Amino acid sequence: MASAELPRPAPGAAARAAWPVSDYDLAATLDSGQAFRWQRVGAGWEGVVAGRWVRLTAAPERIEAETAVPQTSWDWLADYLQIRVELAPIQASFPDDAPLRSAVAACRGLRLLRQEPWECLASFILSSTKQIVHIRQIVETLCQRYGEPVAVPAGQAAAFAFPTAARLAAGTEAELRACRMGFRAPYLLAAAQRLAAGDLDLAGLAGRPLAEARAELMRLDGVGRKIADCVLLFAVGFQQAFPVDVWVAKALRELYFRGRRVAPRKLLVFSESHFGPHAGYAQQYLFHYRRTQATRTVRP
DNA sequence: AACCAGGACACAA
DNA sequence: TTGTGTCATGGT
């Protein structure tokens, strides 16, 4: 692997690695509504990836990582962060229109992660009509109550893995509702049960055509086109999946349809034809652009 | 204090 | 096919 491993672990951490990167905005990437477990702590970000506690820090042209236990390989993290993906060819594949140029300029270095499919699916089942901050709270509660504890550096607060499907399947709807997820509880429970029963093969989705993989996910109760596309884009690697939520719909209407009202179906057709082979990436730029723009300009 | 949030679904017209 | 009410909860 192309990472330079450093001999000096930080105080309390057992292992440390670093990768040279260019055009990687770690903060925007970890905080752009793809993943829900990252916490900004001081200058870094702490989270749990693949059952391992991790602290990430962005340095100029570098991303540094620390873990609580020694690592024989860092592939699991390099893959999650998509370290080796070059952004320039992706951005060059976008249509050369003014809206997308603005979005790319405003979100330079924003990346798509490659998440664990079950965690991603479960998280987005919980996401419907919820603000990102609240999704984080629900996911955190779920992990604290039903996730396996993971090793943390001395002096750090306890951390927990995302609960397995089998663990959630063994519980009850009432227990899930107690995590404040409301009407999404039966959806999550049923999905966990189907996975635990081997009735749905998330890992196998990557080898299938997009439409088939999407249809397979949409067989789950509570999973429609939008949530299915989030899982396909953020966890399975389908670059053309294009989740349209309220923010992306707003961005498309305002930037490409002169703010007019547009039928949801029409937005989908447009999204499938306009953005090219990395449409999903374009979607993430539009999403982040529209969200950060709004919060910046809403000053009286 | 209304309004809205990375929706989906059953049902109506 | 497209529109409306419902679901649960908390941030802004």
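We name chains A, B, ... by the order of the sequence lines, and we start the count at 1 in each one. Being a predicted model, the structure only gives us computed values, none of them experimental.
- Residue A:Val244 is classed as having no contact, given no heavy-atom separation below 4.0 Å to the nucleic acid.
- Ion pairing between a basic and an acidic side chain is recognised when a charged N comes within 4.0 Å of a carboxylate O; A:Glu254 and A:Arg290 show such pairing.
- Counting atom types as modelled, A:Gln283 pairs a side-chain N or O with a base atom of B:dG6 as donor and acceptor under 3.5 Å.
- Between A:Phe124 and A:Phe36, the distance from one ring center to the other falls under 6.0 angstrom.
- Checked for salt-bridge contact, A:Asp25 and A:Arg111 miss the test: no charged N lies under 4.0 Å from a carboxylate O.
- Heavy atoms of A:Lys250 sit under 4.0 angstrom from primed sugar atoms or phosphate atoms, though from no base atom.
- In this entry the distance linking CZ of A:Arg180 with C1' of C:dC7 reads 14 Å, nearest Å.
- A salt bridge links A:Asp31 to A:Arg136: one of the charged nitrogens lies within less than 4.0 Å of a carboxylate oxygen.
- One side chain, A:His278 or A:Ser93, offers a donor N or O that lies under 3.5 Å from an acceptor on the other.
- The side chain of A:Arg184 contributes no N or O atom lying less than 4.0 Å from OP1 or OP2 of C:dA8.
- Salt bridge status for A:Glu173 with A:Arg177: present, with a side-chain N to carboxylate O gap under 4.0 Å.
- We find the CG-CG distance between A:Leu121 and A:Leu217 to be 6.5 Å, quoted to the nearest 0.5 Å.
- At a threshold of 4.5 Å between non-hydrogen side-chain atoms, the residues A:Glu148 and A:Phe160 do not count as touching.
- Separating the CE atom of A:Met181 from the P atom of C:dG10 is a distance of 12 Å, rounded to the nearest angstrom.
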Each nucleotide N or O in nucleotides 2-4 of chain C that has a protein N or O under 3.5 Å away: list the pair and distance.
from  : atom 1 : to       : atom 2 : distance (Å)
C:dG3 : OP1    : A:Arg261 : NH2    : 2.5

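- Aromatic rings from A:Phe275 and A:Tyr256 are positioned such that their centres are separated by under 6.0 Å.
- Computed from coordinates, the A:Trp247 CH2 to B:dC4 P distance equals 11 Å when rounded to whole Å.
- Residues A:Glu272 and A:Arg225 are paired through a salt bridge, judged by an N-O separation under 4.0 Å between the basic side chain and the carboxylate.
- Within the 4.0 angstrom heavy-atom criterion, no nucleotide atom of any strand lies near A:Phe36.
- Between A:Leu176 atom CG and C:dT9 atom P the separation is 13 Å, expressed in whole Å.
- Within a 6.0 Å radius of CD in A:Gln144, more than 12 heavy atoms belonging to other residues, nucleotides or ligands are found.
- Of the residues in residues 120-135 of chain A, A:Thr129, A:Lys130, A:Gln131, A:Val133, A:His134 come within less than 4.0 Å of DNA chain C through at least one heavy atom, sorted by number.
- Between the CG atom of A:Leu268 and the P atom of B:dG7 there is a distance of 14 Å, given to the nearest Å.
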Which protein N or O atoms sit under 3.5 Å from an N or O of nucleotides 9-13 of chain B?
from  : atom 1 : to       : atom 2 : distance (Å)
B:dC9 : OP1    : A:Asp221 : OD1    : 3.4
B:dC9 : OP1    : A:Gly222 : N      : 3.0

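- C:dG5 and B:dG6 are spaced 23 Å apart, taking the P atom of each and rounding to whole Å.
- Between A:Leu168 and A:Trp118 there is a side-chain heavy-atom pair separated by less than 4.5 Å.
- Look at the P atom in both C:dT4 and B:dC4: the space between them is 15 Å, to the nearest Å.
- Here the P atom of nucleotide B:dA5 and the CD1 atom of A:Ile138 are 16 Å apart, to the nearest Å.
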